[in-house]
Peer 1: 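My questions all concern the structure below.
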Amino acid sequence: MTNVVTETSSDLRVIGKSLPRVDAVGKLIGLTAYADDMELPNTLYCKLLRSHHPHARVLSIDTSAAKALDGVAAVITGEDLPIKYGIMPTSQDEHALENEKVRFVGDPVAAVAAVDEETALAACRLIKVEYEPLEAIESIEHALLAPSDEPIHDYAGPGNIHRMGALEFGDVDQGFENASHIREDVFFYEGNTHLPMEQHSAIATFVGDQLTLWSSTQNPHYVHRALARVFDMPMGHIRVVAAPHGGGFGGKSDPFSHEMAVCKLAMVTGRPVKCTLTREEVFYVHRGRHPVLMWVRTGVSNDGKILAMHFRTALDGGAYGSYGPASMLYTGALQTTTYNIPAYRFEGVRVFTNKAPCGPKRGHGTPQPRFALELHLDKIAEEIGLDPVELRRRNYVKPYTRTINHLRITSCGIEEVTDQVIEASGFLNRKRRLGHGMGFAISSYMCGAGLPIYWNKLPHSECIIQVNRGGVSLYCGATDIGQGSDTVLATVAAEQLGLQPTDIRITSGDTGLTPVDLGSYSSRVTFMAGNAALQAAHEMRNILVEAVAEKMECSPQEVMVGDGKIGELTFEEAATLAQEKLGVLATRGSYAPPPNIGGKFKASGVGPSPAYSYSAAVVDLDADPYSGEIQLNKVWLAHDIGRSINALAVKGQVEGGVYMGLSEAMMEGQLYRHGLHKQPSMLDYKSFTFFEMPEVDTFLVETVDLEGPYGAKEVGQGPLLPVIPAVASAVHDALGVWIDEVPITPDKIMRALDAKAKGREGRYGPKNFPKISYPSIVKVPPFDASSSPF
Amino acid sequence: MLRLPRFSYLRPESVAEAVQILSEYGDRARVVAGGTDLVPKMKRGQIEPEVVVGLGHLDELRQIRPTEDGGFEIGACVTLTEVVSNPILRSAYPGYVKAAGLVSSPALRNSGTIGGNLCVDTRCNYYDESYEWRKALGFCMKKDGDICRVAPASATCRAIASSDTAPAAISMNATVVLAGTNGKREVPVASLYQDDGQFYITKAADEILVSLRMPEPGEWKSSYVKVRSRGSIDFPLVGAAAAVRMNGSLVEACRIVITAVGPQPLDVSQAAEPLLGKAIDPAILEEVATDAAKPARPLDNADLSYVWRKRMTRRAIEQAIREAAEVA
Amino acid sequence: MGSIGSHEVLRLSVNGRSHELLVKPYATLLEILREDLRLTGTKHGCEAGECGACVVLIDGAPQLSCLVLPGQINGSEVTTIEGVTNGSELHPVQQAFMDHGALQCGYCTPGMVLSSVALLESNPAPSREEIKEALSGNLCRCTGYASIIEAVEDAGRSMA
């Protein structure tokens, strides 16, 4: 790993070092209790009965035989949970248990609590559900037609259209008119899923009038809100604890049926109730990457400057809303954070289909358009005879600028990350031989969504630090889902207080104990919760320093903090001194993104972020010209991290992001057949083993963001993004065929090679983009530059 | 957690007692050695025995010993790992040992046995699913239903032969010893299978596969090539075993067996005819491999397209012959 | 191995301690460890032998506890993640995983550590290819595997 530092960090003691995670030991010795490892006295076990039909009206549910089974404590159906919920205020379209109609195979209709899982499962099989099947919608094209019987949902529409958007910035027609070269392409990105190693699990208790839920969730705050709504209870009577987390990647970001069910069953039975999903059920819960069809048209000048871009997307949303309205807009929002596009038109649609609901997966809505955009630019470069790296460089955004869609760009290492991977990989001077290829791509990602999911003026992240008898406790709602957010918070606080990260006791992700953090999504935790922790820790540092300065009879500026000491005192002595004087030592920090980081138009809520990370990748591979099989040789990945809080954790996130990008680029797909998930197992849903994963060379570029905590930006999602188009580009480099569809599997490559051998276009991918009646374009006026310095 | 249905577990003291139990329970009993095939299938409700008969503890099934004719007899409950780490077997039967080493993952091979792999159930992505999934589909003829989902016009089940070691054993003309109520019999491994994914194995319900007998290797050299999406865990998408006897640089004899391209391993050795008496030449090899791959009938019931799997059959055959003959 | 009603008596040594357990014949070792012995360090990701999260050592060899029936392991010695540590001292493999950032969410970690311990016991200086092979049945979704390979190499060196 190489570090490129643009500002000195020599005065930092723990920030940027490669230190172990603060939660490592518990996980390594098998002590950390994940949700399914928790066992409370007298626990009941819950199983959900799920629909066998992709789309059907529920005529009746008879639970009498199930209730009569020995060992069954309670059986509930949709009647017991009548209030709908959903993560987005505009998509409150889910019943925890459906009793009107089911919308995909796996949609829950009833839940059983019993003395053990075996009994609960037996009881589920005794429940009789009478269905009236309806036409099942399985594709985007099908969903765009008028439904032959009834739409999947009775809100939104027309037909099975969930959400549409159409925006224009600048004068796109004029831009195309001025262009000397125009190109159109169509791409498809198959859906895929998070496949966390841990299957979702939740356990609830209801004692007195207090409901407590421990769950493998990424977003305890949003689950908290959903429970309050569904149970019509004050939030103050509900506590949601994010249990130690066995992998999220976006898949544990929604409130879920099993969470609602265990709460209700705990209320009904008065006993703790636990539900752990099977692997098959995890595939049904899904909320993964949307399948997206994309059409892009770009006009460039003679010298390769982008003059206008028109981007259309169509998302297969599956059966429910989930984050869908945001997902749809994300497929159009971040094209402009890497390239200066002076005129940009976006039209998007998300449709409902009778498949497991899609939602946010690492990169939420942006890996698909990034794949399309980067390949599209490669093709333009080839056509106009310009080196693809040079074409990109001519269009790169500049730091401290405003994009055409009103997004504020601040620190921006796009040039530096490009330089790093291009130089290290020898991309420009690569030797040419059949079957060997290298591909380059770049990307950008947000450091947290600029707006919360529901409208409110509250901080996005809050943190409390308490120092008691020399011990430091940090309380924050942020949820460590394995990405290392506890370690980040501990490190930020430790740096301020002159301690080691392991000196800070972290309590996180507990709505009963910690102030709110919105959750572990949109790569927001380091930036937002990190800033809240920094503020709280800095205030605590000032308190301690002032107490010591008073005793030492010097000015606070003269009190050095570090190595466990505050001035001449040990940390514990200093803390005791301050506590003698002030009583309880507690400080707080809050963070909300600054205003004016985005536009004021309708749908401007998706895309703005207080900062953007930048990533560049080069992929080196060998591709077999007979079989289309790919051997990945190496990946170079440079990432503009702003500043590393913990270099080891950052490297881990980069390598993990590259891995996940490669695995979905090459083999992952959430596929359906006859309305059923085609491969709901870890054997048949393919993901990389050790053998497929190539060596990764990581380069960290530290641009030191002015607003990030210690200058830090995100790393959880960004590094995945450029990897996928870089694979496709390298395959083209190796074999001369374009695979305009993800995943890039050997059989698709073989098809493209066959076509090429027969003199046809050497390409595999969608032939055309469907005709879609997008709404009329909203022409957004230019950003009011007087409202912001840039 | 995915759990097993209820059954009784019996621990016979001998193979004879195991046979006795099988004859008593018939279809209601299943033998288990490593359990790596049976256990997940029971969890998914694909196989629902009342009685599971453990064999793994029987020492008589755990021996590897030389035979009088210069070959080796490998007990059915010898694990795949034990085969892979046996240097004598490795040098005598490189194709078979390579195949054993390519089964699933290391941890699974520590439990999985050679007998279990020869008897491994045929696979199909319409069948290797949970009870709830199969119920949603409406079941298939292999379990609880009446039609073949991947080939609805077919009178027989088209689930895929998925043993890696079977083609390698067949290519060495190996035999198996079966113990039944009427005593023991020895049959060629090739005759253990038939062209029906449901009733894929020909041994009688009361018979137990006791051992694999590999003949003296003589001058036979062998290899096995496995095509799959990932370098571990996966079953074969195509498997090709080749055994070659060379006379200097000339091919004296050549056997080819392919698998995962239909319900049973296919001996396609007759296609090797053009190679006999000749040096291994790319053009002849291509002709042989193309011809040998002709009977392959992959269908849309496994990973990746069947067109691709068909084409990879030819590639796997070519590669297996080259590896066996040790030519580049 | 005897039986009482529908249950069987299983003699098993787990992490050096002998147990005589009354178990269901159709409960896998995974369930016995997690539910009967409350050793929840052993994880589960598929319960069908496809992910490696439930790997434990049976008589020293890594096996998938979700596939193992009690009838198959009477009298065996089982090592789980809880038995790898020497008192409060981390095993060199655990220490190396910590130092190299070879764990993130930690859910595959117990299986990964046990597979690594078994590898290094039989081959203290494995090549990268040998490490990949030995761990190839253990899936991880967080790390991208590279740090795990580095950790195993490093642990081998420190055990030498």
Side-chain angles (χ1 to χ4, degrees), chain A residues 18 20-21 23-34 36-39 116 194-199 244-249 276 278-279 480-484 646 648-649 651-660 662-663 681-684 687-696 698, chain C residues 24 26 31 34-35 38-53 80-85 88 90-91 93-95 97-111 113 128-129 131-149:
Chain A
S18 281
R21 309 169 57 89
D23 57 356
V25 175
K27 290 175 172 176
L28 280 161
I29 65 174
L31 190 64
T32 299
Y34 298 78
D36 188 50
D37 302 335
M38 291 182 59
E39 184 85 8
D116 53 30
H194 320 82
L195 202 77
M197 291 302 295
E198 177 205 28
Q199 302 152 113
H245 204 279
F249 317 109
T276 302
T278 63
R279 178 53 60 182
D480 197 321
I481 60 171
Q483 88 279 42
N646 177 321
L648 188 63
K651 176 172 171 273
Q653 287 293 297
V654 170
E655 289 170 355
V658 170
Y659 150 83
M660 195 164 270
L662 292 172
S663 186
S681 71
M682 292 182 96
L683 174 61
D684 289 327
S687 66
F688 273 20
T689 73
F690 273 85
F691 282 127
E692 287 68 54
M693 189 60 198
E695 187 188 343
V696 179
T698 300
Chain C
K24 293 177 279 198
Y26 48 88
E31 291 157 89
R34 287 182 55 85
E35 294 167 6
R38 295 293 299 141
L39 292 170
T40 54
T42 302
K43 302 303 180 207
H44 58 105
C46 72
E47 303 103 50
E50 301 167 355
C51 78
T80 70
I81 191 66
E82 290 91 344
V84 172
T85 312
S88 62
L90 294 181
H91 186 280
V93 168
Q94 292 168 316
Q95 185 64 48
F97 268 58
M98 181 157 137
D99 295 342
H100 288 268
L103 73 157
Q104 290 181 24
C105 85
Y107 206 79
C108 73
T109 306
V113 166
R128 294 204 146 204
E129 279 312 304
I131 294 170
K132 287 183 183 183
E133 165 62 25
L135 302 182
S136 66
N138 295 79
L139 295 178
C140 169
R141 291 292 279 174
C142 293
T143 61
Y145 298 119
S147 54
I148 297 174
I149 297 173

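The figures that follow rest on heavy atoms only: side chains count, while hydrogens, waters and symmetry mates do not. Here is how names work: the chains are called A, B, and so on, in the same order as the sequence lines, proteins then strands, and each is numbered from 1. For clarity, every value in this text was computed on a predicted model and none was experimentally measured.
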Peer 1: When only pairs under 4.5 Å are counted, which of C:Cys105, C:Cys46, C:Gly41 shares the most heavy-atom pairs with chain A?
Peer 2: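 Winner by heavy-atom pair count: C:Cys105.
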Peer 1: Give the minimum heavy-atom separation between A:Pro20 and C:Asp99, together with the two atoms involved.
Peer 2: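 The answer is CG-OD1, 4.5 Å.
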Peer 1: Would you call A:Phe690 and C:Glu129 a side-chain contact if the rule is heavy atoms closer than 4.5 Å?
Peer 2: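 The answer is no; the side chains never approach within 4.5 Å.
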Peer 1: Salt-bridge test for A:Asp36 and C:Lys43: reply yes if a basic N is under 4.0 Å from a carboxylate O, no otherwise.
Peer 2: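 Not counted as a salt bridge, because no side-chain N and carboxylate O are separated by less than 4.0 Å.
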Peer 1: Where on A:Glu39 is there a heavy atom nearer than 4.5 Å to chain C: the side chain, the backbone, both, or neither?
Peer 2: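 Looking at A:Glu39, backbone and side chain both touch chain C.
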Peer 1: How far does CD of C:Glu31 sit from CG of A:Asp116, to the nearest 0.5 angstrom?
Peer 2: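 Going from the CD atom of C:Glu31 to the CG atom of A:Asp116 covers 10.5 Å.
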Peer 1: Heavy-atom distance under 4.5 Å to chain C: side chain of A:Glu692, backbone, both or neither?
Peer 2: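 When you check distances to chain C, no heavy atom of A:Glu692 falls under 4.5 Å.
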Peer 1: C:Leu139 versus A:Thr689: any side-chain heavy-atom pair under 4.5 Å?
Peer 2: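 A side-chain contact under 4.5 Å exists here.
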Peer 1: So which of A:Glu695, A:Met197, A:Met660 has the largest heavy-atom pair count under 4.5 angstrom toward chain C?
Peer 2: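 Between A:Glu695, A:Met197, A:Met660, the count favours A:Met197.
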Peer 1: If you tally heavy-atom pairs under 4.5 Å against chain C, which of A:Leu195, A:Val658, A:Ile481 wins?
Peer 2: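 Looking at each of A:Leu195, A:Val658, A:Ile481 in turn, A:Leu195 comes out on top.
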Peer 1: Under 4.5 Å heavy-atom distance to chain A, tell me which part of C:His91 shows up: side chain, backbone, both or neither.
Peer 2: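 Contact with chain A: none, neither part.
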Peer 1: With only heavy atoms counted, which part of C:Thr85 is less than 4.5 Å from chain A, the side chain, the backbone, both or neither?
Peer 2: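 The answer is the side chain of C:Thr85.
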Peer 1: With chain A as the partner, which of C:Glu35, C:Lys132, C:Glu133 has the greatest number of non-hydrogen pairs under 4.5 Å?
Peer 2: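 Highest number of heavy-atom pairs under 4.5 Å: C:Lys132.
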Peer 1: Using the test salt bridge (Lys or Arg N to Asp or Glu O under 4.0 Å), find all partners of C:Glu47 that sit at least two apart in sequence or belong to another chain.
Peer 2: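 In terms of salt bridge (Lys or Arg N to Asp or Glu O under 4.0 Å), with neighbours along the sequence ignored, C:Glu47 is linked to no residue.
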Peer 1: Within the structure provided, determine whether A:Arg279 and C:His44 are in side-chain contact (heavy-atom separation under 4.5 Å).
Peer 2: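 Side-chain contact under 4.5 Å: no.
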Peer 1: For the candidates C:Cys140, C:Ala53, C:Gly52, which exhibits the highest count of non-hydrogen atom pairs separated by less than 4.5 Å from chain A?
Peer 2: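 Result: the option with the highest number of such pairs is C:Cys140.
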Peer 1: Check whether A:Ser681 gets within reach of chain C through its side chain, its backbone, both or neither, counting any heavy atom under 4.5 Å.
Peer 2: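 For A:Ser681, backbone and side chain are both near chain C.
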Peer 1: If you tally heavy-atom pairs under 4.5 Å against chain A, which of C:Ile81, C:Ile148, C:Val93 wins?
Peer 2: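 Heavy-atom pair counts peak at C:Ile81.
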Peer 1: Taking side chain to side chain donor-acceptor pair (under 3.5 Å) as the criterion, tell me which of A:Gln653, A:Lys27, A:Gln483 meets it with C:Gln104.
Peer 2: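 Result: among A:Gln653, A:Lys27, A:Gln483, A:Gln653 is the only option passing the side chain to side chain donor-acceptor pair (under 3.5 Å) with C:Gln104.
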Peer 1: With side chain to side chain contact (heavy atoms under 4.5 Å, CB included) as the criterion, how do C:Arg34 and A:Asp37 come out once you've worked through the C-alpha distance, each side chain's angles and the decisive distance to 0.1 Å?
Peer 2: CA-CA 8 Å; C:Arg34 287 182 55 85; A:Asp37 302 335; 2.8 Å; yes
Peer 1: If I measure from the heavy atoms of chain A, does C:Thr143 come under 4.5 Å with its side chain, its backbone, both, or neither?
Peer 2: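 Contact with chain A: backbone only.
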Peer 1: Just so I know, are the side chains of C:Ser147 and A:Glu655 near enough to count as touching, which here means a heavy-atom distance under 4.5 Å?
Peer 2: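 Side chain of C:Ser147 against side chain of A:Glu655, heavy atoms only: contact under 4.5 Å found.
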Peer 1: Which answer fits C:Leu90, side chain, backbone, both or neither, if we ask what part of it has an atom under 4.5 Å from a heavy atom of chain A?
Peer 2: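 Contact with chain A involves the side chain of C:Leu90 alone.
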Peer 1: Of the backbone (N, CA, C, O) and the side chain (C-beta and beyond), which part of C:Val113 lies under 4.5 Å from a heavy atom of chain A, both, or neither?
Peer 2: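 Just its side chain gets close to chain A.
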Peer 1: Just so I know, are the side chains of C:Gln95 and A:Leu28 near enough to count as touching, which here means a heavy-atom distance under 4.5 Å?
Peer 2: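 They are not in side-chain contact.
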Peer 1: Using a cut-off of under 4.5 Å on heavy-atom pairs, state which of A:Ala649, A:Ser663, A:Ser687, A:Gly484 scores highest against chain C.
Peer 2: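 Of the options given, most contacts go to A:Ser687.
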Peer 1: Report yes if the side chains of C:Arg141 and A:Tyr659 come closer than 4.5 Å at any heavy-atom pair, otherwise no.
Peer 2: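 Contact flag for C:Arg141/A:Tyr659 side chains = yes.
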Peer 1: Do you know which of A:Val654, A:Asn646, A:Ile29, A:Thr278 has the most heavy-atom pairs under 4.5 Å to chain C?
Peer 2: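 Option with the greatest count: A:Ile29.
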Peer 1: Could you look at A:Leu31 and say if it's the side chain, the backbone, both or neither that has a heavy atom under 4.5 Å from chain C?
Peer 2: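 Interface part for A:Leu31: neither.
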Peer 1: So, using ring-ring contact (aromatic ring centres under 6.0 Å, His included) as the criterion, who are the partners of C:Tyr26 when residues are at least two apart?
Peer 2: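 Per chain and number, C:Tyr26 pairs via ring-ring contact (aromatic ring centres under 6.0 Å, His included) with no residue.
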Peer 1: For C:Arg38, is it the side chain, the backbone, both or neither that has a heavy atom under 4.5 Å from a heavy atom of chain A?
Peer 2: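 Side chain only.
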Peer 1: Measuring from atom OH of C:Tyr107 to atom OG1 of A:Thr32, what distance do you get when rounded to the nearest 0.5 angstrom?
Peer 2: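 That separation rounds to 12.0 Å.
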Peer 1: Any idea which heavy atoms bring A:Phe249 and C:Cys142 closest together, and the distance?
Peer 2: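 Nearest pair, atom of A:Phe249 first, then C:Cys142: CZ-SG, 3.7 Å.
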